[in-house]
Amino acid sequence: MLKHSIFSLLVSGLLLFSCDTTNTLSTTNTSPVEFVVLQINDVYEIAPLEGGKVGGLARVAGLLRQLEAENPNTIAVLAGDFLSPSFMGTLKLDNGERIAGLQMVEALNAMGLDYATFGNHEFDLKNAELLEKRLDQSEFEYMTTNAYCVDGEQQRPFQQNGVSVPEFSTFTFEQNGATYKLGIVGVVLPFAKPPYVGYKDVEATFAAAVKTARQETDLVIGLTHLSVDGDVALAAAVPGLPLFMGGHEHENLSRYVGQTAITKADANAKTVYIHRFTYYPDSKVTQLFSELVPIDESTPEDPVTAAVVDKWQAKIGDLISQMGYDASAELTTLATPLNGTEAATRTSQTNYGLLTNQAIAKAWPGADVYAFNSGSLRLDDNLSGAVTAYDVLRSFPYGGPVVRMSMKGDQLARLLNTGETTNRGEGGYLQRYQAEKKGDKWIVNGNPLDSTNTYVVVLPEFMAKGFEANLDFLSEYTYDKLEEFTASGETVKNDIRDMVIWYMGGI
Ligand SMILES: [Zn+2]
């Protein structure tokens, strides 16, 4: 039996819905038609997290096998954000290529995923060639109404095995001797802006694709990677669909807008949504029961998917131990989750940013200000429960040393203001320690910033070299750099990952 979480009882609902589509594709049949959609979204890790307690694609696959046994008309969908980011994805294979989502594609193939739409993180891949290679390797179908490939002068749909990624996918199934078609329309928020991606208007393209899908299928639903506000606005603008299966937010939620249910599961498959549809062909009424189901130690594993996950885990474990880390080492158990979501770390000071700076300050005390670019924190999730070294590695996949430089107060103000204001929303937004903004003044180490004083600042070498956006002036400064630190009688390598692992092990 499937477990019902208390939260699912609160948010799940029975929805009676009268479909406004007019089509003649289905054979007239008075028997109700039942099908099931399993939804996951924002999945970066193939293996369970929090010390093995939650998530894991082998468990999602195990649940999917159970659902398929109950009703063969079951599909699995992913509402975007999975090829990136992950620590695993940053590592290189024997052939020198970065893994860049291949581990995820292989695990999802084994799981039997049917459909995916792009999330903003799919466009983290360095170019269209690599993204389309991953599409070709996927045994599931992608769809999107609004993202397209910018290929030199040309604008074209992304290609999967030589076929244009469609605006909507069609799941065709048989029941009671008749054939039915479910249309799934994909859309993504225009957030990631690499040179090879362009976007058309979300609402206009979605509305047009829904119109076409309604003509060609029996029932149309959305697979949407939008902010929840974007989902609400789209459901209001394009009414009448029973369901938007969404992503981008990392905590489960459900909303109703008119007749449309909007659902998002927790990131990293800590939960999944199971949508059970009953469709009455004659009246074209759809009944939907959506249930949020936790993925945990009680969820049975699918052995085929588990073998693929284990293969990658072993490969990654080898690479990590070659780097000198013990990935499975448990560092601490968190009473309060650490916020490493991009939405938070690129716009505000978070507790994970503070902890990271405190780790650096403990390793290298004595500076006036500690700061790092939030773009080096790539977790885009919260850390909760038991934290392992692997969790720190996946938080800071690129790692790197910190350096120490001196600068006049007016230049420190320039650094802090650029981080706080100009770079807000970007990876160049700074997580800070001992520098607080009060009104339009900076308080440094307890005192108002004096533009004529000289201050000592510790920051990543990446920033000191002038590589961060709008902070290239930092390259004019000389800096000190140590290979390792001796603190509290221990030696710590000068790498942000080592310092956080060391610090967490002691908290
Ligand atoms: Zn996203």
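As the structure is a computational prediction, the values presented were derived from the model and not from experiment. Below, all heavy atoms of this structure are taken into account, side chains as well, without hydrogens, waters or symmetry copies. First listed ligand is number 1; within each ligand, the first listed atom is number 1.
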Check whether the ring centres of His225 and Phe191 lie less than 6.0 Å apart, and answer yes or no.
-> no
So, Asp42 and Lys270, do they make that salt bridge, N to O below 4.0 Å?
-> no
State whether the side chain of Asp381 and the backbone N or O of Tyr44 hold a donor-acceptor pair below 3.5 Å, judged by distance alone.
-> no
When Tyr503, Tyr370, Phe372 are each screened for side chain to side chain contact (heavy atoms under 4.5 Å, CB included) with Thr356, the one that passes is Phe372
Work out how many protein N, O or S atoms lie closer to the Zn ion (ligand 1) than 2.8 Å.
-> 4
Does the ring centre of Phe467 sit less than 6.0 Å away from the ring centre of Phe462?
-> yes
From Lys315 atom NZ to Gln103 atom CD, the distance as rounded to the nearest 0.5 Å = 11.0 Å
